[in-house]
Participant: 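Please read through the structure below; I'll follow up with questions.
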Amino acid sequence: MTEGTTSAAQGGDTLTRLEQEGEIAADYLEGLLDIADLDGDIDMDVEGDRAAVSIISDSAGRDLQKLVGRDGEVLEALQELTRLAVHRETGDRSRLMLDIAGFRAKKRAELTELGAKAADEAKNTGEPVKLQPMTPFERKVVHDAVAAAGLRSESEGEEPQRFVVVLPA
């Protein structure tokens, strides 16, 4: 087998593993929705190097907001529980991302805008720009937005007060 074939096979194995994670997570979340007597559809995808599972609703989604909680706190907890369910089945650590009622997608768009504005401010003032403390997910989105703007950023502080600093060129 050539090296290119090996990479393609490994890529296929990774995709299969991530799809399996998504299916395990979907089964777990469907059970949770049944227990909580909530309506929602499960959407599975693979984004980059991780499985992505979303719970969506045709209705206004008010019921699903209970699963998001204040500032996504319940969503974060459910994501960790879902990752544990996947780990229990596969024996491997999961980096699965969970979104409920579009909360993370909306948050990602807001954080991308925040990162771009902070990058502009750092370019214009020549001074580092310190942002408010964020979760690891939030920091990652901001770091990506800053990099897309052509600048560097780093995280400082200790959890849960860890924050992003955007560095001027």
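What you see is a predicted model; the values in this text were computed from it and never measured.
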Participant: Heavy atoms, side chains only, cut-off 4.5 Å: are Leu33 and Asp63 in contact?
Facilitator: no

Participant: Counting only heavy atoms not in Asp45, do more than 12 fall under 6.0 Å of its CG?
Facilitator: yes

Participant: Taking only residues two or more places apart in sequence, or in another chain, which ones meet Glu76 in a salt bridge (Lys or Arg N to Asp or Glu O under 4.0 Å)?
Facilitator: Arg104

Participant: Might you point out which heavy atoms bring Ala105 and Asp99 nearest each other, and give the distance in Å?
Facilitator: N-OD2, 3.3 Å

Participant: Considering only residues two or more places apart or on different chains, which pairs with a residue in residues 26-36 satisfy salt bridge (charged side-chain N to carboxylate O under 4.0 Å, His left out)?
Facilitator: none

Participant: Which value, rounded to the nearest 0.5 Å, describes the distance between Leu96 atom CG and Leu18 atom CG?
Facilitator: 9.0 Å

Participant: Run the side-chain contact (heavy atoms from CB on, under 4.5 Å) test against Asp92 and tell me which residues pass, sequence neighbours left out.
Facilitator: Arg17, Thr90

Participant: Walk me through it: do Asp49 and Thr14 pass the test side chain to side chain contact (heavy atoms under 4.5 Å, CB included)?
Facilitator: CA-CA 8 Å; Asp49 60 347; Thr14 300; over 6 Å; no

Participant: State, to 0.1 Å, how close Ala145 and Gly115 come at their nearest heavy-atom pair, and which atoms those are.
Facilitator: CB-CA, 4.0 Å

Participant: How many angstroms lie between CG in Asp39 and CD1 in Ile55, if you round to the nearest 0.5 Å?
Facilitator: 12.0 Å

Participant: By side-chain contact (heavy atoms from CB on, under 4.5 Å), which residues pair with Glu159, not counting sequence neighbours?
Facilitator: Pro136, Arg139, Arg162

Participant: Mind checking what makes side-chain contact (heavy atoms from CB on, under 4.5 Å) contact with Asp41, not counting sequence neighbours?
Facilitator: Ile56, Asp58

Participant: Between Leu98 and Leu29, is the side chain to side chain contact (heavy atoms under 4.5 Å, CB included) condition met? List the steps.
Facilitator: CA-CA 10 Å; Leu98 175 62; Leu29 292 166; 3.6 Å; yes

Participant: Taking salt bridge (charged side-chain N to carboxylate O under 4.0 Å, His left out) as the cut-off, I'd like each qualifying pair that reaches into residues 107-127, sequence neighbours left out, listed once.
Facilitator: Lys107-Glu138, Glu113-Lys117

Participant: In the hydrophobic clustering that connects Ile, Leu, Val, Met, Phe, Trp and Tyr at side-chain heavy-atom distances below 4.5 Å, which members other than Leu114 occupy its cluster, ordered by chain and number?
Facilitator: Met97, Leu111, Val129, Leu131, Met134, Phe137, Val141, Val142, Val146, Leu151, Val164, Val166

Participant: For Thr82 and Val53: C-alpha separation, side-chain torsions, deciding distance, then whether side chain to side chain contact (heavy atoms under 4.5 Å, CB included) applies.
Facilitator: CA-CA 10 Å; Thr82 305; Val53 179; over 6 Å; no

Participant: Any chance you could lay out the side chain to side chain contact (heavy atoms under 4.5 Å, CB included) test for Glu23 and Met44, step after step, and finish with the verdict?
Facilitator: CA-CA 8 Å; Glu23 289 179 23; Met44 296 179 298; 4.0 Å; yes

Participant: Mind checking who shares a hydrophobic cluster with Val86, ILVMFWY linked at side-chain heavy-atom distances under 4.5 Å?
Facilitator: Ile24

Participant: Can you tell me how far the CG atom of Leu32 sits from the CG atom of Leu67, to the nearest 0.5 Å?
Facilitator: 6.5 Å

Participant: Would you tell me whether Ser94 and His87 have side-chain atoms, one donor and one acceptor, within less than 3.5 Å of each other?
Facilitator: no

Participant: Test of understanding: with side-chain contact (heavy atoms from CB on, under 4.5 Å), list the residues that count as partners of Val74, not counting sequence neighbours.
Facilitator: Leu78

Participant: What is the minimum heavy-atom distance between Ala85 and Tyr28, and which atoms define it?
Facilitator: CB-CD1, 3.6 Å

Participant: List the residues meeting side chain to side chain donor-acceptor pair (under 3.5 Å) with Lys140, not counting sequence neighbours, and say none if there are none.
Facilitator: Asp144

Participant: Search all heavy atoms of Asp71 against all heavy atoms of Phe103 and return the closest pair with its distance.
Facilitator: C-CZ, 3.8 Å

Participant: Would you indicate whether the side-chain heavy atoms of Pro168 and Pro128 approach each other to under 4.5 Å?
Facilitator: yes

Participant: Just wondering, more than 12 heavy atoms not from Arg152 lying within 6.0 Å of its CZ?
Facilitator: no

Participant: Please find the pair of heavy atoms, one from Pro133 and one from Pro160, that lie closest to each other, and give the distance.
Facilitator: CB-O, 3.9 Å

Participant: For the atom pair OG1 (Thr16) and CD (Glu21), what is the distance rounded to the nearest 0.5 Å?
Facilitator: 11.5 Å

Participant: Under a 4.5 Å cut-off applied to non-hydrogen side-chain atoms, are His143 and Ser155 in contact?
Facilitator: yes

Participant: With ILVMFWY side chains joined below 4.5 Å, transitively, what does Val165's cluster contain besides itself?
Facilitator: Phe163, Leu167

Participant: Which pairs count as salt bridge (charged side-chain N to carboxylate O under 4.0 Å, His left out) when at least one residue sits in residues 78-89, sequence neighbours excluded?
Facilitator: Glu80-Arg83

Participant: Nearest 0.5 Å please: distance from the CD atom of Gln79 over to the CZ atom of Arg95.
Facilitator: 10.5 Å

